[in-house]
Amino acid sequence: MFTTTPDINSERLLKDLNRLAQIGAGADRAIHRIAGNDADMAARDWIDKTMRVSGLHSYYDAVDNVFSRRLDTSGPWLLIGSHSDTVPAAGHLDGAYGVVAAMEVLRTLHEHDHPMADHVETVAWFDEEGVMEGSKGGLTGSTAFTRDPHADDLFAYIELHVEQGPRMERDGLDLAPVTGIVGVRRYDVAVRGQANHAGTTPFELRQDAGRVAARVATELRRICQDIDPASVGNAGVISFDPAAANVVPGAARVELEVRAGTDQALDRIEQSLSDFLLLAADEEECAAELNRTSAKPAAVFDKRVYGVVEEVCRERTDRCEPLLSYAGHDASVISTRLPTAMLFVPSTGGFSHSNREHTSDEHLILGTQALLDAVIRTGETLLPTLLTKHLTTV
């Protein structure tokens, strides 16, 4: 269907990344574009105006997602993009790179009058990070979009992102097609024992709630690795009551998080955690409960679109291997509505959510070119059938 793949304007890509990085930046170059604040809205305004100046149609939806596409096109469209909001004191690439890369891909197609230009739409999602006051955990814009009738006008979604971790750099990878996104579950562990004098109460006569909590926190890693070696867990908060060096804790709490690539693995880890908690509590003559406080299901990406992304990544470099994403992304939500895929470029030192965030210019350019390849190849793969169906129904 399409015969040529133009080259992106790499100089413009890097300049635009730098321009966006200046919006909301402090003296230390850390960026504070919290969703909905003045800097975030200024960034959305810059995205909107930049695409308009390029001769494209740009608009906001009801929740301040910013979309752009060619004028006077009727679809169906392939959606590409990411989020432009940040956490406090953020780096300049998380989310922003995928937004600017998508802008560059559409402008390149538009300027070369490529046939695929009529079938691409870009997006800058609102409140992916979930740190604004009143946010319900982030992914706000993409979640709202899954209920938008406009989603019916789209045939796939591809998101380019920095890895936000050390694996690609460690393994010498240039590109990574992403197989899916881990599911995330969080738990509150509550333990009840009996407070008592720590100096006069022998070990064997204690009902030590703190010891139960500490044992669960320590055991989490073994449980995760026994069930799914690729899973990760974290005991991020632990508290004792009363909190005194000479008092056996009468109550304790631990907040846990577990991430795994399948919901089945998460189910097994949860059951093992519950079993161990009850065993430890019984041994310490305490009572305990494992309460799930939140759950986000694992996302497995569409085989057709993923296959295209993997194919173009391998054509661009020999240093390419599939990866599972351990960070959450808008793609996880969109995958419930549209065929979805992602690709990663490496993060120097694995830093993210930090002003130490960095990726080489060469990798930023390579990733954007691979995104353009994937957009054109996905159009070649999926559009003919979609357009034929459209013609037979009008």
Side-chain angles (χ1 to χ4, degrees), residues 87 129-131 137-139 163-167 170 178-195 198 203 206-243 245 247-300 323-329 332 347 350-354:
V87 297
E129 297 289 5
V131 294
L139 305 173
E163 184 203 350
Q164 299 181 269
R167 294 172 298 166
R170 178 196 64 193
V178 180
T179 58
I181 298 175
V182 293
V184 184
R185 294 186 188 177
R186 292 182 179 175
Y187 303 93
D188 181 88
V189 176
V191 187
R192 296 177 301 281
Q194 177 61 60
F203 282 135
R206 297 183 182 190
Q207 293 173 264
D208 190 341
R211 178 169 163 78
V212 176
R215 288 178 65 184
V216 170
T218 303
E219 195 71 7
L220 176 61
R221 178 171 176 172
R222 182 197 64 77
I223 290 171
C224 288
Q225 292 186 326
D226 283 354
I227 291 172
D228 177 5
S231 68
V232 293
N234 189 53
V237 178
I238 189 165
S239 61
F240 298 159
D241 181 30
V247 181
V248 176
R253 287 185 61 251
V254 190
E255 293 181 30
L256 306 176
E257 181 186 87
V258 176
R259 300 185 182 219
T262 67
D263 293 333
Q264 291 78 10
L266 289 169
D267 287 342
R268 292 176 61 203
I269 291 170
E270 181 174 313
Q271 185 61 55
S272 186
L273 272 172
S274 179
D275 292 344
F276 180 82
L277 173 64
L278 293 178
L279 174 64
D282 183 64
E283 290 176 349
E284 301 296 332
E285 298 187 10
C286 293
E289 294 179 347
L290 178 73
N291 299 305
R292 189 197 297 178
T293 56
S294 67
K296 293 182 179 179
V300 178
L323 287 180
L324 179 67
S325 175
Y326 282 82
H329 299 285
S332 63
S347 296
F351 291 106
S352 188
H353 287 188
S354 160

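Values in this document were obtained by computation on a predicted structure and should not be read as measured data.
A 4.5 Å side-chain heavy-atom check between His353 and Glu129 finds at least one atom pair inside the cut-off. Between Val258 and Tyr187 the shortest side-chain heavy-atom distance falls below 4.5 Å. Val191 places none of its side-chain heavy atoms less than 4.5 Å from the side chain of Val216. Put simply, the side chain of Lys296 reaches to within 4.5 Å of the side chain of Leu139, judged on heavy atoms. By the 4.5 Å heavy-atom criterion applied to side chains, Leu277 and Val212 are counted as neighbours.
Applying the salt bridge (Lys or Arg N to Asp or Glu O under 4.0 Å) test between Glu284 and each of Arg215, Arg192, Arg206 identifies Arg215 as the sole match.
Put simply, CZ on Arg185 and CD1 on Ile269 are 9.0 Å apart, with the number rounded to the nearest 0.5 Å. Here the CG atom belonging to Leu256 is positioned 11.0 Å from the CG atom belonging to Asn291, to the nearest 0.5 angstrom. Expressed to the nearest 0.5 Å, how far OG of Ser294 lies from CG of Asp188 amounts to 11.0 Å. In this structure, CG in Leu279 is found 11.0 Å from OG in Ser274, a value given to the nearest 0.5 Å. Atom CZ of Arg211 is separated from atom CZ of Phe240 by 11.0 Å, given to the nearest 0.5 angstrom. The distance from atom CG of Leu323 to atom CZ of Arg167, rounded to the nearest 0.5 Å, is 4.5 Å.
Side chain of Gln207 to main chain of Glu285: a donor-acceptor pair is present (N/O by atom type, distance under 3.5 Å, no hydrogens or angles). Side chain of Ser231 to main chain of Cys224: a donor-acceptor pair is present (N/O by atom type, distance under 3.5 Å, no hydrogens or angles).
Donor-acceptor pairing under 3.5 Å is recorded for the side chains of Asp275 and Gln271.
Minimum heavy-atom separation, Leu273 to Leu290: CB-CD2, 4.1 Å. Across Ile181 and Gly328, no two heavy atoms sit closer than the pair CG2-CA, 4.2 Å. Residue Val87 comes nearest to Val131 through the heavy atom pair CA-CG2, 4.1 Å, listed as atom of the first residue, atom of the second, then distance. Between Val248 and Pro242 the shortest heavy-atom distance is O-CD, 4.5 Å. Nearest heavy-atom pair, Ala209 versus Ala252, reported as atom, atom and distance to 0.1 Å: O-CB, 3.5 Å. Closest approach of Ala298 to Ala260, counting heavy atoms only: CB-O, 4.1 Å.
Partners of Glu289 under the salt bridge (Lys or Arg N to Asp or Glu O under 4.0 Å) rule, at least two apart in sequence or in another chain, do not exist in this structure.
Identified under the side-chain hydrogen bond (donor to acceptor under 3.5 Å, both in side chains) test for residues 256-265, with sequence neighbours left out: Arg186-Glu257, Glu257-Arg259.
Annotation for Arg292: atom CZ counts as buried by contact number, over 12 foreign heavy atoms lying within 6.0 Å.
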